[in-house]
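The structure appears below as structure tokens.
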There are 4 protein chains.
Amino acid sequence: MAIAGKTKKDVLLEFRTAEILDAARTVFAQRGFAGATIDAIALAAGVAKGTVYLYFESKRELFLASLREGVLALHAEVVAEMEAADSCEGKLHSFIAGRFQYFSRNREFFRIYYTEFSHLIAGTANSQPEFQDLYEQQAKLLESVLADGIAQGQLRPFDVPRTARMIYDLIRAALAQHILHGAGEAPEVPIATLYEFVWKGIGSK
Amino acid sequence: MAIAGKTKKDVLLEFRTAEILDAARTVFAQRGFAGATIDAIALAAGVAKGTVYLYFESKRELFLASLREGVLALHAEVVAEMEAADSCEGKLHSFIAGRFQYFSRNREFFRIYYTEFSHLIAGTANSQPEFQDLYEQQAKLLESVLADGIAQGQLRPFDVPRTARMIYDLIRAALAQHILHGAGEAPEVPIATLYEFVWKGIGSK
Amino acid sequence: MAIAGKTKKDVLLEFRTAEILDAARTVFAQRGFAGATIDAIALAAGVAKGTVYLYFESKRELFLASLREGVLALHAEVVAEMEAADSCEGKLHSFIAGRFQYFSRNREFFRIYYTEFSHLIAGTANSQPEFQDLYEQQAKLLESVLADGIAQGQLRPFDVPRTARMIYDLIRAALAQHILHGAGEAPEVPIATLYEFVWKGIGSK
Amino acid sequence: MAIAGKTKKDVLLEFRTAEILDAARTVFAQRGFAGATIDAIALAAGVAKGTVYLYFESKRELFLASLREGVLALHAEVVAEMEAADSCEGKLHSFIAGRFQYFSRNREFFRIYYTEFSHLIAGTANSQPEFQDLYEQQAKLLESVLADGIAQGQLRPFDVPRTARMIYDLIRAALAQHILHGAGEAPEVPIATLYEFVWKGIGSK
DNA sequence: CATGAATGAGCATTCATTCAT
DNA sequence: AATGAATGAATGCTCATTCAT
């Protein structure tokens, strides 16, 4: 009974949180951080303005939460996919394909993801350290694949961190073309093009 | 006399315009579009707030003008550099190196350039058609090099527009690392790394 | 049984009321009326926010109740003390000393008492007639002593109501110095100083 | 010409400042600090909300300015009046009478003056050090008169700072009765009553 | 032409109060 | 009776834009 009571509360909490988070993601994606208003988010979530503040401390916090949630889900999915691959090529392919698949299912989220990581790179406004961490987490994942590839002689030696960031940014760029300007095209072609480009760019021969 | 009078006027007009444009570039670069105020720009330009509106219709318009000016200068410089190169590799190298050189001399400008093209790609808030044109202008320049390379058999056949945009965005990303996080490092190494990566990625063998 | 049941209810009612009233007094004293929140009071009282509204109509009402309670207790104590004194001087001294003693034991309460009577006098925002009554009750007590003193020839004739209010306010001011800025000093000295000043000020010779 | 131009500007500046300050004084007096809104002040001043912020940094700053202005004017007037008196009694009388006269001409201002000094004494909310200074300035003025009186043997020896504050607060209390509840009565009677009260309270015999 | 004083729409945040459970 | 989630009105402050001088 105690469990049931607690669960009921938790369900509501999660439900509202998700509701608001979803609305926030949509509005932030459409209008950007500055352009989004709490009013609009509350309206989209179907709650009153004050309710948003029961679940999130501030506009910034809400924004970060919506970004964090998406990035963590992306990361989890990609990691799972990569673990299923056994070769170095396979892992790289999973890293790329996993991202394409995730964002194909979360198109609106890509806008915030792309924009905010651009801001992070440009050093504009935010500097949220947590942000840098999320970025690093992604890059490290790629670094480890590249380092393995070099160790196994499949890849030529190169500056791993620099190249990892380069590839990471390249994928972001290709994703932008596909997700935002791809008009619903199947992801196989761009994935193949990108994978080939990258593999050739770093391959040993 | 009519000519002289008009010229004098024009000189003043151009002078003021340049003065405001310079101030705007600096302030926008430092604080971003939302964070910049007309007050700050007017102060930096040494004119009164109202004067800014005699030369530019709105804050947005001023921002676009300062961006346009920089992009056109970049374009002109890169085109000149590329024309001096005769081979396909040389042109690609010039395209990359020219950008690094331009932005090494116009570091503050890079922030707006980078951020705003990110916004353009993300489709956030602006959609200024003129903007899209500036982007296309850059991409076309690259496309023509790639197309030539394929025609001459130096590059393997691939989807030219897609790849051109991908490379273009990759260069932007590498520039961001170099200009914003490179701590004054010489541009030769990142240029070489990037060039090699790209050339291998699209090369015929 | 009916009596027992009702009593049980009443006990709980009184208990809750007192609990909330105490919490309110503390919070109002610390943060002032505007600065206090129902949330904070409910927390301090160990009840839920909504519960406060079961016992008091509004924030203002709760504030008034906590003030009233304290003033009535003060009044009762001072009256008892004065009745024990037989001379006119003694009664005046009791009036002053009783206040010092009461507020020495209810320091936190003094802040609301002082502030709110200031507001009452200044005519700011409240005008609660009940409030005026509490004030008058105090003043009348003093008036009767003064009138007696004049009747017995110990005091020179003067405008009794005006002087009573003046003395009353003077005591409030001296209390403020003692309670809020006295750093725990013994009350004897300020009581003596004040009593002497007043007695000389109104004495017949 | 330069002077004229500057004057014109200054005149406008002073005019607006006074206009807003007047409106602020009235609104603050009627509704208190918390109850007053910038909107209401702007409306009363006949300007737009934003204009208020061209002349004053914040609501608090505006409030302080309106208080400061009044207190300084009061102080200047009282000092002038006291200098005209040559005896110790005369100076004390001027101190009292000057205040009654000033506030008779600035009734609305008395509300802020009274309330805010009460807050200062109660230690509520503000703590603005400047505030404490204004209070001290008044008290010192009185202290010097008392110290002179004792030195000349006209007054019995007593704790000067404590008594000065007591008298100062007593005057505030009497002023409150007269200004706020005196129904336009002539000031002579309360001045006389108060002066007599004080003089007897501190006199040597 | 240039100025800068004035405008007022716009927005994040708080909190007393209500009411379904 | 008690709870606490939800509400939404209220407000200080910013800043792009205008316009009288």
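By convention in this document, chain letters (A, B, ...) are assigned in the order of the sequence lines, proteins followed by strands, and residues within each chain are numbered from 1. These numbers come from a predicted model, not from an experiment.
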- Query: Over its full length, what angle do the end axes of the helix from dA2(E)-dT21(F) to dT21(E)-dA2(F) make, each axis taken from five pairs and the result rounded to 10 degrees?
  - Reply: 10°
- Report yes or no: does T17(C) contribute a side-chain atom to a donor-acceptor pair with the main-chain N or O of L13(C) at less than 3.5 Å? yes
- Nearest of dA2(E), dT7(E), dA2(F) to any side-chain atom of V47(D)? dT7(E)
- Options dT7(F), dA2(F), dA5(F), nucleotide nearest the side-chain atoms of L12(A): dA5(F)
- Query: Starting at CG of L62(A) and ending at P of dT13(E), how long is that distance when rounded to a whole Å?
  - Reply: 10 Å
- Between C1' of dC15(E) and CZ of R31(C), the distance in whole Å: 12 Å
- Should R16(B) be listed as having a side-chain N or O under 4.0 Å from OP1 or OP2 of dC1(E)? no
- Query: Between the side chain of K59(B) and the main-chain N/O of A36(B), is any donor-acceptor distance below 3.5 Å?
  - Reply: yes
- Message: Ring-plane angle category for H119(B) and H119(A), please: parallel below 30°, perpendicular beyond 60°, tilted otherwise.
- Response: perpendicular
For a quick test of your reading: what N or O donor-acceptor pairs under 3.5 Å do the side chains of residues 61-70 of chain D make, sequence neighbours left out?
unit_1	atom_1	unit_2	atom_2	d
S66(D)	OG	F63(D)	O	2.8
R68(D)	NE	E130(D)	OE2	2.4
R68(D)	NH2	E130(D)	OE1	3.4
R68(D)	NH2	E130(D)	OE2	3.4
E69(D)	OE1	R25(D)	NH1	2.7

- Minimum heavy-atom distance between A23(C) and I41(C), given as atom pair plus value: CB-O, 3.6 Å
- Message: Please classify the nucleic acid contact of F56(A) as base, sugar-phosphate, or nothing, using heavy-atom distances under 4.0 Å.
- Response: nothing
- Task: Give the minimum heavy-atom separation between A45(B) and I20(B), together with the two atoms involved.
- Result: CB-CA, 4.0 Å
- Report yes if the side chains of T115(D) and F28(D) come closer than 4.5 Å at any heavy-atom pair, otherwise no. no
- Item | Euclidean distance, atom CZ of residue F28(C) to atom P of dC15(E) [Å, nearest integer] | 13 Å
- Letter by letter from the 5' end, nucleotides 16-21 of chain E scores (B base, S sugar-phosphate only, - none; protein heavy atoms under 4.0 Å) SBB---
- Item | 5'-most by nearest nucleotide on DNA chain F - L54(A) or L13(C) | L13(C)
- Message: Strictly distance-based, threshold 3.5 Å: is any side-chain N or O of S118(A) a donor or acceptor partner for the main-chain N or O of Y114(A)?
- Response: yes
- Just compare dA2(F), dG8(F), dA6(E) and give me whichever is closest to any side-chain atom of A48(A). dG8(F)
- Message: Which heavy atom of A29(D) sits nearest to which heavy atom of E108(D), and what is that distance?
- Response: CB-O, 3.1 Å
